[in-house]
Amino acid sequence: MIVTSSKLSCAKFCRESTMRPYLLFISLLLTFFCYAQEQSESALEEQLMENLTASSESEVEDDSKIQLYDFLRRHRLSINTASREELQELAVLSEIQIEKILDHRKLFGDFVSIYELQAVVGLDISSIRKLLPFIVLNKNVASINSFRKRFSDGEHNLLLRTSMTLEQAKGFRPGSSGVSAYAGGREKIFLRYSYKFKRLLEYGILGEKDPGEEFFKGQQRYGFDFYSFYLFARKIGWIESLVLGDFTISMGQGLIQAQGLSLRKSSAILSSRSLGETIKPYHSAGEFNFHRGVGVTLKRLKFSSTFFVSKRQHTANLDADTLGSYVTSISSSGYHRTVNEMGDKSNLNLVSVGSVLKYHVAKGHVGINMLHYRFSHPMRRSNSLYDLFSISGKQWANYSFDYAFTLKNLHAYGEAAVDKQHKLAVLQGLMITLSKSVDLAVVYRNLSPAYQSLFSTTFSESSTPGNEHGLFLGLSLRPASHFLVEGYADFYQNPWLKFRASFPSFGYDYVIRITYTPDKQTEIFASYKYERSGANQVQPSLPLRYVHPADRSGIRLQLSHQANKFLSLKSRIELSSFNGETGSKASQQAFLAYADIHYQPSQSILSGAFRLQYFDTDGYESRLYSYETGMLSDFSIPSYFNTGWRYYLNLKTKLNSNKTVRKIFGKMIPVFTIRISQTLMQKDFEIGSGNDLLDQSRKTEVKLQLLLTW
Amino acid sequence: MNLETVREKSKRFILRSLAIPMLLSKLHAQVVRPLLSTSTPVFVFQPSDSSSRYKNLAVIDTDDPATHVFNSKLRVVVAAENKYLIEELSLFAINALFPIAGYAVAVNAKLLGTGPFKESQFGISIGRSLGRLILNIQFNYHRISIGNYGGDRAVTGGVSLGGFINEKLFVSCLISNPAGGKFRTNKIEKIASAFQMHLLYLISNSIILATTISKEEKQRASVRTSLLYKMSERIDAMLGIETTKSGPFAGLTWSLQDLRISFAASYSYPLGFTPALRLSYAL
């Protein structure tokens, strides 16, 4: 049943006790209309990241995009030399738009002015606006530099970040035996050194300790629980790219492999679906989704080939029977805090070998991708029926064929993959620019219930490819110069059981988003989302679980405004409802609102951001998410449920203007950031669960970060 | 035009417009069942007509009776649908639209179902352009037949009002059976009342966005939205979704002079495909 906003407002939000927060937000919203200026670049980044992580419900530790955006804002791409891959990597333009820019450059020569972008057919103002923070006009330098220059003229970064939750979690308190569950301290420490010279040379090392993990003691005698390093170079003769250390691999449309963030379903239907280059260096804190070894891409004429070999240890749970030990599950959390978690560490050795062969034509490519895995212990599936087709044995393999090409206003792409058991997965996509103001996207996928792959993410409802047939239709419409209407409908079915659905099920979702940009400084959008998916229902009187559709619908209103050169404001209101069938999940409603203030003067050494947020949900099923910018290379998308307030304050200061500081740091530019955030819940509400259960109904987190750049 | 020409034209029309439905009905066994509405929408671009006030809008045939006033010629439409490929749910409809002295008169017959359950509807609608507004009134006669239980009858009415908000946006509202609609014998049952809103947005001379929002009594609201794209002078394509059926639909239309042949199919999980065919001939 569709629940309308009026229903929400009448049934729940007119309660006298909760009216005050809304009045506060309305008054904050009203203040937005008092000013005027250009929308901040960070707001654009935030929107891009929200699009990238729209379908992600877990904590995202991959900050590679944030790092890329930050680097490109300081070292912008030249629009006259930017390659297709570089423009794809930004994820702000569609494939057709990228092709139009390249065509324009080929036909008319270099851009003489940034305003010439408006003359590119198919490039609208809003796309240009998204592109502008990352590009410059000048024809910068030769793309290939001497080796000495690569090692000497780049930028060094040293980042040290530490954070701690002030309230003590259950895992840190001594238990009945007098020993706490977590062996280490409460602080989280992240250290990263990186060097980058354009896109030609990068190297770095990082270490990370999660809260509860030991540090220079016990099992972590060498300090951090997780270390990562990489050396990455591009364009050395025939070698297009070379990596040593940690790296990610992306193939085709992600049916057999796509590590790192990849664009899934979102209202930004026309952003490039390309996963970018096959090999990318890995420099994030996530401890699961990457390879460790060596990889190389060779390019000659129209052919390119990539080969890689990786050997790394994974955290895995082992069990044993008369035939020996076997793997029951691989952990992707990266936590090694308790005796059990530490016991699982490095239990599994995984050797991965792969290759990608591509033939490039002027506006497209065809490719063959191969992957082979060897496990040190055999994988064994659980007894659950939904797990019937999971990977088993000591070896696994995936092969696929992929293509992409652009023809006038049409971009077609696809991938067909098989796994070791010869189970098939197919994905086909089409983007068409029907007219100057209409774009259409169609994606069809048919992923066999038995198809299995590792480290893969594709355009599907499920987080991994498999057990899904579906059709996605997306439309982007610009009815007037200040309006953008985007929407999609996605229909899918799961022919086999899945986690929390004990029967074959189906689902669909509809999204429509209307964006109004009255001027360069202001953006208002309203979006509506309705989704239905099959989920297990438990009826105590029945012996079996059964699948019943669960409906979710939500309305989001957001207003962003650049008040002046250094002050930008943003506010969001979100209403949501969930309708299950039985028990406490039967019907839940939710409300979330926040107001942001960003203060970022160009000359001043101090900048900051403040958010005040209120949320009120009937339960976990109606939880809401909101993207939070932290510090540089740090963001999160926490979920909120129950009733409470949240605020955070970020303060950043560039210390190089101070003489004493300059004496200490020399050429280095130190940037110091402090962040304080607090969630205040209703009394007696328990935050967290298990060992992460806090002893109070509030959560206060303090983060400190020092970034040195030279 | 002499009598011979009229006869020749009529013969051609009958042959062209009935050949395929006849074939379909043979394939789908005995009958012909009437349609309340072709639930797989088959939109058709109307070729520019110099006598039409809105000739630049390439207005389309839809289920919306308000658009009938854009017909400046006598037009006959025959449609058939095989719902979910289940013979007992097949549909058949025939419409005739007459422009008479500034009025748009349409008569239609819809037959639904084969076997023991059958429904039929016969209707007449009269539309008139009132400056910027278009008013349409419709009366329907419904007949229902359920195996050994016998049959029942009901009469319903509806009114629609539409108009161009601007040169690109056409909006109309249709209220069907706001009161009454009770069956003659069984006074407890009645034909449901319904509200429909049609929006046609002309994005460019070759693209139209058509949206219909329907709310039937005691049912969830349904949204059907589609994009109509004129690929060439003769071929139009359509792609859309319908929320109630939670599935997509797509179609193609060929225009051969005064004859238009449209084929469309919709898909709904778990019931499957529904193909539909529509022939439209202008005299």
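Residue numbers start from 1 in every chain, and the chains themselves are labelled A, B, ... in the order their sequence lines are given, proteins ahead of strands. Keep in mind the model is a prediction, meaning the values are calculated, not measured.
- For A/Y508, the part sitting under 4.5 Å from any heavy atom of chain B is the side chain, from C-beta outward, and nothing else.
- For B/K190, the NZ atom is densely surrounded, since the number of other residues' heavy atoms within 6.0 Å is greater than 12.
- Considering all non-hydrogen atoms of both residues, B/G247 and A/F491 come closest at N-CE2, 3.3 Å.
- Checked against B/L227 for a side chain to side chain contact (heavy atoms under 4.5 Å, CB included), the options A/L477, A/L473, A/V438 give a single hit: A/V438.
- Not counting sequence neighbours, the partners of B/S193 by the side chain to side chain donor-acceptor pair (under 3.5 Å) test are B/E217.
- Contacts from residues 493-504 of chain A to chain B, taken as heavy-atom pairs separated by less than 4.5 Å, involve A/Q493 in sequence order.
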Donor-acceptor contacts under 3.5 Å from residues 428-436 of chain A side chains, at least two apart:
residue, atom, partner, partner atom, Å
A/Q428, OE1, A/Y403, OH, 2.6
A/T433, OG1, A/D439, OD1, 2.9
A/S435, OG, A/S437, N, 3.3

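- Applying the ring-ring contact (aromatic ring centres under 6.0 Å, His included) criterion to A/Y451, with sequence neighbours excluded, gives no partner residue.
- Distance CG/B/L239 to CG/A/L475: 9.0 Å, rounded to 0.5 Å.
- Of all heavy-atom pairs spanning B/R220 and A/Y530, the tightest one is NH2-OH, 3.5 Å.
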